[in-house]
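As structure tokens, the structure follows; a few thoughts come after it.
Computed over heavy atoms, backbone and side chain alike; hydrogens, waters and symmetry mates excluded. Chain A is the first sequence line, chain B the second, and so forth, proteins listed ahead of strands; every chain is numbered from 1.
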Number of protein chains: 2
Amino acid sequence: MEQEEFESLLQLFKVIGNESRLRIVGLLANQERSVGELATLLDLKEPTVSHHLALMKNLGLVTAEAVGNVRIHRLNAGFLEGMSKELFSKEKLADLADSVTGDARERKVLRSFLDGQRIKEIPAQYKKQLVILRWLVEKFEFSVRYSERELNEIIKQHHPDTAWLRRSMIDRKLMAREKGVYWRLPDDARSPAADQVRG
Amino acid sequence: MEQEEFESLLQLFKVIGNESRLRIVGLLANQERSVGELATLLDLKEPTVSHHLALMKNLGLVTAEAVGNVRIHRLNAGFLEGMSKELFSKEKLADLADSVTGDARERKVLRSFLDGQRIKEIPAQYKKQLVILRWLVEKFEFSVRYSERELNEIIKQHHPDTAWLRRSMIDRKLMAREKGVYWRLPDDARSPAADQVRG
DNA sequence: CGTCTAATTTGATGACTATCTAATTAGAAG
DNA sequence: CTTCTAATTAGATAGTCATCAAATTAGACG
């Protein structure tokens, strides 16, 4: 699930997670209503209702149509129904987390190959190596130019095999080198590795 | 849909309508976590996470188990899944409106003096007491005859002062007693339905 | 045009709440 | 018991947001 999807889901819950608005949903599910009617039914002033409806229209949850002198508001029933289908499935929920902290597989790799700030052992699998390398490269600042000496100094805090790690980070395009100077490259890959948290 | 159901639905949306908490849902859907882990992953302090988890536990959305020195939190997946199926069906939405018809003042009193199924504190004002008492009397069936013991049993689930509550319900004509047997009286004073508002 | 009504926008206010630090509690482990 | 760690509670603060009154806009209709 992309960040975008997470965001719109969050917005939906925010919108219906308000007493007045949830009641509006209920009222509109029964019958279309004008702003003034809703204000009467909810015992609120019109500006307040207008405000709520604006939020709901913004989401696509309600639609409005001008009829004579009033504006009739309807619930976009398909909106919520379509949403409910797979919304709360376990998979969907699990996807939520990816948009937050990177995926579960990466965390698992990190947990098994790291011990605190030390790399216990370098994974044999190419893909798992990448997870570790992405974790390691985070120890370097962007837009800082490191000498090979400084680079090794930092790597050594996490694992003794500085030569292999240095070369691998460059091979995987996490760092670049020119004339003996090294710098960190931007993460073109989407999800940065999550820090290891239980260890 | 009962007032109560509306309320708990609203609470659910409130709880997951918050960025940090929605992320927690996502994280726990993948893997059980301690408070400290969540704090790290979310980049929040532990008290903050603790606060969020308390709200979620209160709803039954997550459960906690002490393991060694940490408390492991899990998502109650069935909770959301069970909810999602028919939750947003047209009929269900329409039912929401029934709970809208009640008096706004009453809802406010209920919200401030109740905590879930517990009465936090008995209001000092006579009118507010009535609101609470009407809520309490709904815990009893019509046309069932309760012994004083049974009556107290039920009242105690909501507040310890059974004597006062029992007497008050009778004073306010919500219940009747004869020869040590109690029964619920019909609501003669129903809240007036909202008048027709358009035309 | 001018007037009337419904709705929206603006700006202010108060309530709520997410978050933090500091203090406290609860358990585990020595 | 004492010490250490994780978690919760308490208290304070800041930011968000629901609500309202006042001002403004948008149409309808004569």
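Looking at the side chain of A:Arg21, the nearest of the listed nucleotides C:dC20, D:dC20, D:dA18 is D:dA18. For B:Glu46, counting side-chain heavy atoms from C-beta on, the closest listed nucleotide (D:dT8, D:dA18, C:dA18) is D:dT8.
Computed from coordinates, the B:Lys14 NZ to D:dA18 P distance equals 9 Å when rounded to whole Å. To the nearest angstrom, C1' of C:dT21 lies 15 Å from CG of B:Leu44. As rounded to whole Å, 16 Å separates atom P of D:dA6 from atom CZ of B:Arg33. As a whole-Å value, the separation of A:Leu22 CG from D:dA18 P is 13 Å. In this structure, the NE2 atom of A:His73 is 13 Å from the P atom of C:dA6, given to the nearest Å. Between the NZ atom of A:Lys45 and the P atom of D:dA21 there is a distance of 5 Å, rounded to whole Å. Rounded to whole Å, atom C1' of C:dA18 lies 14 Å from atom CG of A:Leu10. Nucleotide C:dT8 holds its P atom 12 Å from the CD1 atom of A:Ile72, rounded to whole Å.
Ion pairing between a basic and an acidic side chain is recognised when a charged N comes within 4.0 Å of a carboxylate O; A:Arg166 and A:Glu148 show such pairing. In summary, B:Arg23 and B:Glu19 engage in a salt bridge, as defined by a charged side-chain N under 4.0 Å from a carboxylate O.
With values rounded to the nearest 0.5 angstrom, B:Gln129 atom CD is found 12.5 Å from B:Leu136 atom CG. Here B:Ile16 contributes atom CD1 and A:Phe13 contributes atom CZ; the two are 3.5 Å apart, rounded to the nearest 0.5 Å. For the atom pair CG of B:Leu10 and NZ of B:Lys14, the computed distance is 4.5 Å after rounding to the nearest 0.5 Å.
In this structure, A:Arg184 fails the cation-pi test against A:Phe140, since its NZ or CZ atom is not both closer than 6.0 Å to the six-membered ring centre and inside 45 degrees of the ring normal.
Between B:His158 and B:Trp135, the distance from one ring center to the other falls under 6.0 angstrom.
Contacts between residues 52-66 of chain A and DNA chain D, defined by a heavy-atom separation under 4.0 Å, are made by A:His52.
Remark: A:Asp171 CG is packed, more than 12 non-hydrogen atoms of other residues, nucleotides or ligands lying under 6.0 Å away.
When all heavy atoms of A:Ile170 and A:Arg177 are compared, the pair lying nearest together is CD1-CB, 4.0 Å.
Take A:Arg145 and apply the side-chain contact (heavy atoms from CB on, under 4.5 Å) test, not counting sequence neighbours, and it matches A:Val181, A:Trp183. By the salt bridge (charged side-chain N to carboxylate O under 4.0 Å, His left out) test, B:Glu150 pairs with no residue at all, sequence neighbours left out.
The rotation axes computed at either terminus of the helix from C:dC1-D:dG30 to C:dG30-D:dC1 lie 30° apart, taking five pairs at each end and rounding to 10 degrees.
Residue pairs meeting the side-chain hydrogen bond (donor to acceptor under 3.5 Å, both in side chains) criterion with at least one member in residues 70-80 of chain A, sequence neighbours excluded: A:Glu32-A:Arg74, A:Glu65-A:Arg74.
For C:dT8, one of the phosphate oxygens OP1 or OP2 lies less than 4.0 angstrom from a side-chain nitrogen or oxygen of A:Ser50. For A:Thr48 and D:dC20, the shortest distance from a side-chain N or O to OP1 or OP2 is below 4.0 Å.
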Expected rows: protein N/O vs nucleotides 22-26 of chain D N/O, under 3.5 Å:
none

